[in-house]
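Data block below; observations after.
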Amino acid sequence: MSNIAIALVTTGLLGLISAVMPTHQICNIPDHQHKGWVLLLTMIFMFIFGYLGYIWMLIDREIGTLELIVAMIFCGGGGFVFVISRMSKETIFTLQQTIHEKHYQAHHDLLTNLANRHQFYEELDNLISNEHNVFSCLMMDLNDFKMVNDTLGHAEGDHVLQVVAKRIQRILPKHGVAARLGGDEFAVVLPGMTLQGAIEISKAIQETLSQDIQCENHALVIGISIGIAEYPKHGANKKEIMKHADIAMYKAKATDGNYRVYSSHLD
């Protein structure tokens, strides 16, 4: 009977020890209810010492019905804490992953994985909120992209957009942000970069897009028109910067499909 009681308490003890890791992982989740889980973790360690003490008390001792019942309670208690801690960890981690995925989907274009319009606006707002920031904004539009959709179909058009997005992303410096605003319209923000740097990036983008894109047994070359505006030189807010970069882009599209820097005479 003594061995049975010790085995029951030991089983509960193993459950408590197994609950330490998932509870500790929950405690390390950022922006979570740390105090409650830290308290639970502390209590688990206290229970472990209590279980060890009870096992020591059971050794070489005559066991009665009461001690056996207590041992069963200890066994169930340790198992309960283990199950609850594991289920809580899995549930919380699943919720965290779901929140992360929803946030990603809300801020990224699902076709190209670039930032979407909403995220691009946030990036501009964050940069403008710091009055000492300088940055350049590029507005870009593919040349004759409608012909690709009309000739090869929308599936191949989507493939072209994905290739363009990857090539633009590869060109950008570490803190640059590329976005797909919709259709074949892209935008880039270059924190800390003045016009000269933005012009070099624009040239690099056009050079990488001058390489063939394999599409349904055809080799396509997609041109891109780029308009450039610098903050705060060409605008005091997000709306003005994007508008002026857009004006420069349409000027580029109307002429040689190259790039243009905004100036007041383009209005």
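If you read the sequence from its start, that first residue is 1, and numbering goes on from there.
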Ring pair (Phe, Tyr, Trp, His ring centres under 6.0 Å) partners for Phe74, two or more places apart | Tyr51, Tyr54
With sequence neighbours left out, the residues meeting ring pair (Phe, Tyr, Trp, His ring centres under 6.0 Å) with His107 are His103, His118
Quick check for you: to the nearest 0.5 Å, what is the distance between [X] atom [atom1] and [Y] atom [atom2]?
X	Y	atom1	atom2	value
His24	Ile26	NE2	CD1	11.5 Å
Leu161	His154	CG	NE2	11.0 Å
Asn28	Thr23	CG	OG1	11.0 Å
Arg167	Ser210	CZ	OG	8.0 Å
Gln169	Asn113	CD	CG	9.5 Å
Gln119	Leu181	CD	CG	12.0 Å

A quick test of your reading: do over 12 heavy atoms of other residues, nucleotides or ligands sit less than 6.0 Å from [atom1] of [X]?
X	atom1	answer
Met147	CE	no
Gln25	CD	yes
His108	NE2	yes
Phe47	CZ	no
Tyr104	OH	yes

Pairs under 3.5 angstrom only: tabulate donor-acceptor contacts from the side chains of residues 6-21 to other protein residues two or more places apart or in another chain.
unit_1, atom_1, unit_2, atom_2, d
Thr10, OG1, Ile6, O, 2.7
Thr11, OG1, Ala7, O, 2.8
Ser18, OG, Leu14, O, 2.8

Output all residues satisfying side-chain hydrogen bond (donor to acceptor under 3.5 Å, both in side chains) with Glu101, sequence neighbours left out; order by chain, then residue number.
-> Gln97
For residues 196-205, please give each side-chain donor-acceptor pair under 3.5 Å, one per line with the distance, not counting sequence neighbours.
unit_1, atom_1, unit_2, atom_2, d
Gln196, NE2, Glu200, OE2, 3.3
Ser202, OG, Ala198, O, 2.9

A side-chain contact here means heavy atoms from C-beta on lying under 4.5 Å apart; do [X] and [Y] qualify?
X	Y	result
Met140	Ile168	yes
His159	Leu220	no
Val148	Ile222	yes
Trp37	Ile92	yes
Tyr259	Leu138	no
Val164	Asp184	no
Asn133	Pro191	no
Asp246	Asp141	no

For the pair Gln206 (side chain) and Ile224 (backbone), establish whether a donor and an acceptor sit closer than 3.5 Å, ignoring hydrogens and angles.
-> yes
With no hydrogens and no angle check, is any side-chain donor or acceptor of Ser88 less than 3.5 Å from a backbone partner on Ser85?
-> no
Start with the C-alpha distance between Phe120 and Cys137, add both sets of side-chain angles, then the distance that settles side-chain contact (heavy atoms from CB on, under 4.5 Å), and finish with yes or no.
-> CA-CA 10 Å; Phe120 189 72; Cys137 176; 4.0 Å; yes
Start with the C-alpha gap between Val81 and Met43, add the side-chain angles, then the distance that decides, and say whether side-chain contact (heavy atoms from CB on, under 4.5 Å) holds.
-> CA-CA 11 Å; Val81 172; Met43 292 175 66; over 6 Å; no
Taking every non-hydrogen atom, the tightest pair across [X] and [Y]:
X	Y	value
Ala245	Met139	CB-CG, 3.3 Å
Ala165	Phe186	CB-CE2, 4.3 Å
Asn143	Ser225	OD1-OG, 2.7 Å

Just grab all the side-chain hydrogen bond (donor to acceptor under 3.5 Å, both in side chains) pairs involving residues 226-242, residues at least two apart or on different chains.
-> Asp125-Lys238
[X]-[Y] co-clustered via ILVMFWY side chain contacts under 4.5 Å:
X	Y	result
Met193	Leu124	no
Phe45	Trp56	no
Leu190	Ile228	yes
Tyr121	Val177	yes
Met249	Val189	yes

Mind running side-chain contact (heavy atoms from CB on, under 4.5 Å) on Leu110 and Asn116 for me, showing each step along the way?
-> CA-CA 9 Å; Leu110 298 183; Asn116 60 14; over 6 Å; no
